[in-house]
Each structure stands twice: as C-alpha cells, then as structure tokens.
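Remember, predicted model here, so these are calculated numbers, not experimental data.
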Amino acid sequence: MLENLIKQKAQALGASLCGIAPARLPQEDLDIQAYQDWLAQNMHGSMGYMKTQSQIRQDITYWYPQAQSVILCGFNYPSHSFGATPQDCNTGKFARYALGLDYHKVLRKKLKQLLVSIQAERPEIHGKIFLDTSPILERRYARYAGIGWSGKNTMMISSKIGSYFFLGGLALDISLSYDEPVPDHCGTCRRCLTACPTKAFPEPYVLNASRCIAYLTIEHRGPIPEPLRDKIGSWVFGCDVCQEVCPWNRFSFSSALPEMAPQIQPEIPLQELAEVNEEAFQETFKKTPVERTGSTGLLRNSLLAMGNSGNPEHIPTLETYCQNPDPMLREQAEWSLKKIEARKSKIKA
C-alpha cells in the first residue's frame, strides 16, 4: 500500500512520527471556533499575519486547491541537551528547539525528499510542502493524522515521544487511507498551566501569546512590557517551562539527525551575550533559529536577564548600555540597573 510506503520513507528520512489526514476536515470542529475566538480576543499579540490569513489557515484547500490528503511528519529535536531549567541566573537560557540548525531549511529538504520518493513510485502525484511558516493550522491536521493531541499548553503532544518535536507536512492531490484522530490524554493534569511564569494560559488549551516568554523574547519588537519583565528570568530566546513539567516528556529522546545536533550552548554567560555585536551575532547564531530575534533583540533580552539576576557584577555593563544610542537598549539597561541597585539596598538594610 502507498500509505505504508510513505510512512517507511518518512521514517528513513528521520521522522519519528508520520500520519495521514484528509485535506477537508470537519468544519464544525471546535478547533476552528477556538482559533477564531483567540484572534477576536487579540491573543496573537503583534503577529498580524495570523489574522490576515485566518480563512486559509482553517482549510488547506484554500492554500492548495488540489489537496485531497495531508501527510504530517514529526521530527524530534534535542530534548536532553540539559536537564531541568538551569538555576544559574548569570547565564542566558535558550529554548531547546533553537540550539540546532534552522529547522525550516532542514525539514523542507527532508519533505522535498519524501515528495520525490513518492513521485518515484507514482509520477502522476503532485504535492506541496508546508511548515509553520505556511498559513496552515498544522496542529489541527496533525491531530487528525494520529500524530498527537493539542495539550493544555497548546503544544502538540505525542504519547510516544512527548512534545519536543517539529511538525512538517505534504499536501497531496490524491486520496489515501487516513489515520484515526488522537484523543486528548492530558486528563486532570494542570502542571503546564501552573508552571508558566507569566501566567500566559487564561484557561486550559488557550495561550495568550502576548504574555508568553517565547513570544516576548522572539516575536515581540520594542521594549518588553514592564509588568512581565520580572517573570522572564534568564530566558533570552524562547522558553521550555511548560514542556519541562509535562509528564509525557518522560518519553522524549534526542534526534539522531546530525542536522538537529546542538550548534550553540543551551546556556551562555550574560556578560558574553552583552558583548555580542552584529558581526559576532552572525558568527555565533547564523543558520540557527536565534537569527530571528536579531542582535538587538538578543541584547535587549540579555540586559533584561541581567536585571533579573540581581548580580552587581553586571552594573558596569549596564551603565555602559545606559549611554547606548538605541532607546530600547538604553531604557532596558536603566530598568535592570535600578533593579540591581534596589536589591543591593535591600540587602544592606
């Protein structure tokens, strides 16, 4: 059967999970209403593209009209590069997914190879690759493809490998046999909800992106809102807290794909990060997901983490940045400097 061949080829290319869903999903599905409500409440923050392409995201055939079937693949990334959240507040922490090469390029190549192998068997088949940069609600299709379920932290969770994996897929113009949707296995667990430092989950299965540490340190441009700064701790790119506490991640394992191997350290001294100029940024983070935040964004996050560390050793660096021509970096350095000074005064008292 072609379905079995597709899954075998996907596994040979390094996919830990592979499933098949119909291109047209039930329109009364609660996922669509939840997505519309999420947009209506402006929980997407400044990610305006989520709203402008909302109709396309609800049905893959708006994006690729020929689609009849959707192949979903899960590629896991290093999850044991370090243990639980490190306690050294003088280092900047990076989310696990960001440690390797930019997964978009890696997965696009893998999915292209999968499509070519399918066409080698059936030349008449046509398809289109999609990743999280495409206007597709890939998690919705992943659930119907039997990959996993959307957890209370809105992450896609697999009972086989946890949640430390990337999703990518192929929309094909042929009808296939489809896998069964995966039921929700979160049960009564609320660990991810209670562990979130910024309380970004107003209710189970709903993420207010504008409060999420990953959004604030990566997608958000400009100063980080002051009420949330204390809660970010020493995260400088992304956040893994809600995944670290998830019981299903006891089944996670690090990818065997060499492209997924860590290119950067999960923790880098804040002082070192504060000295990163544009040239050094490109040298260290080129071809990794960290490129997305840019050198200025990473500096902003690092200066914030310095303030949260409370370490007076960062005072000289912060004083220097208080004279920086960039108003965002200057303001962040001033805030962090005041926080450290206040902590010093409290200790003396």
Side-chain angles (χ1 to χ4, degrees), residues 1-23 60 64 67-81 96-97 99-134 136 138-151 155-183 185 243 246 248-262:
M1 293 175 62
L2 181 58
E3 294 84 355
N4 291 335
L5 177 65
I6 290 173
K7 293 179 180 180
Q8 290 170 6
K9 295 287 187 181
Q11 185 177 14
L13 289 169
S16 300
L17 304 166
C18 184
I20 307 173
I60 201 167
Y64 183 52
Q68 295 187 49
S69 301
V70 181
I71 313 299
L72 267 298
C73 296
F75 295 85
N76 59 311
Y77 55 84
S79 58
H80 297 302
S81 52
R96 289 164 171 79
Y97 89 89
L99 303 181
L101 295 174
D102 186 342
Y103 63 94
H104 298 98
K105 296 176 183 178
V106 174
L107 299 195
R108 188 169 294 280
K109 181 178 179 180
K110 295 290 182 183
L111 293 169
K112 176 64 176 177
Q113 290 174 318
L114 178 59
L115 178 58
V116 169
S117 66
I118 294 172
Q119 292 172 329
E121 297 291 329
R122 297 275 298 274
E124 75 277 12
I125 295 176
H126 297 88
K128 193 171 182 179
I129 295 166
F130 63 89
L131 296 167
D132 60 8
T133 52
S134 305
I136 308 298
E138 71 273 6
R139 294 180 190 179
R140 182 170 178 244
Y141 281 94
R143 180 165 68 85
Y144 277 91
I147 295 294
W149 70 97
S150 186
M155 300 293 294
M156 181 57 56
I157 303 174
S158 162
S159 59
K160 298 177 182 178
I161 65 172
S163 64
Y164 293 113
F165 63 90
F166 300 117
L167 277 175
L170 288 173
L172 300 179
D173 63 351
I174 59 165
S175 179
L176 296 168
S177 296
Y178 306 121
D179 291 291
E180 292 294 321
V182 176
H185 290 297
Q243 296 192 87
C246 179
W248 288 102
N249 276 324
R250 68 186 183 276
F251 299 119
S252 67
F253 58 93
S254 292
S255 172
L257 290 174
E259 300 96 330
M260 296 296 184

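- The heavy-atom pair separating E3 from S177 by the smallest distance is OE2-N, 2.7 Å.
- For the residue pair W149 and S159, the shortest heavy atom distance occurs at CZ3-N, 3.7 Å.
- With sequence neighbours excluded, the residues that form a side chain to side chain contact (heavy atoms under 4.5 Å, CB included) with A15 are A10, C73, F75.
- Counting only heavy atoms from C-beta outward, the side chains of L115 and L172 approach each other to under 4.5 Å.
- Annotation: the span from F251 atom CZ to N249 atom CG amounts to 10.0 Å, rounded to 0.5 Å.
- For the pair Q68/S175, a side-chain contact is recorded, criterion being any heavy-atom separation below 4.5 Å from C-beta on.
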Query raised in the report: When you look at S252 and F165, which way does the side-chain contact (heavy atoms from CB on, under 4.5 Å) test go after all the steps?
Result: CA-CA 9 Å; S252 67; F165 63 90; over 6 Å; no
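- Remark: D179 engages K7 in a salt bridge (charged side-chain N to carboxylate O under 4.0 Å, His left out) (not counting sequence neighbours).
- With sequence neighbours excluded, no residue satisfies side chain to side chain donor-acceptor pair (under 3.5 Å) with E180.
- I71 pairs with exactly one of L170, L111, I129 by the side-chain contact (heavy atoms from CB on, under 4.5 Å) rule, that one being L170.
- With a 6.0 Å radius and a threshold of 12 heavy atoms from other residues, nucleotides or ligands, K160 has its NZ atom at or below the threshold.
- Contact detail for Y141 and I60: the closest heavy-atom pair is OH-N, 3.0 Å.
- Shown here for F253 and S16, the closest heavy-atom pair between the two residues is CZ-OG, 3.9 Å.
- Ring geometry for W248 versus H185: interplanar angle of 30 to 60°, hence tilted.
- Every residue meeting the ring pair (Phe, Tyr, Trp, His ring centres under 6.0 Å) condition with Y164, not counting sequence neighbours, appears here in chain and number order: Y77.
- Distance check: R96 CZ to N76 CG gives 13.0 Å after rounding to the nearest 0.5 Å.
- Not a single side chain to side chain donor-acceptor pair (under 3.5 Å) links Y97 to another residue, sequence neighbours left out.
- Residue I20 holds its CD1 atom at 7.5 Å from CG of L2, rounded to the nearest 0.5 Å.
- In terms of the side chain to side chain contact (heavy atoms under 4.5 Å, CB included) criterion, residue partners of A142 (sequence neighbours excluded) are, by chain and number, L72, I147, M156, L167.
- Applying the side-chain hydrogen bond (donor to acceptor under 3.5 Å, both in side chains) test to residues at least two apart or on different chains, none of the pairs has a partner in residues 108-121.
- For the atom pair CD of Q8 and SG of C18, the computed distance is 10.5 Å after rounding to the nearest 0.5 Å.
- Every residue two or more places apart in sequence or in another chain that forms a side chain to side chain donor-acceptor pair (under 3.5 Å) with H126 is listed here: D173.
- Considering every non-hydrogen atom in both H104 and L131, the closest pair reads O-CD1, 3.4 Å.
- Residues F166 and V106 fail the side-chain proximity criterion, which asks for heavy atoms closer than 4.5 Å.
- Judged as a side chain to side chain donor-acceptor pair (under 3.5 Å), and not counting sequence neighbours, the contacts of S69 are Y178.
- Between C246 and I157, the closest heavy-atom pair is SG-CD1, 4.1 Å.
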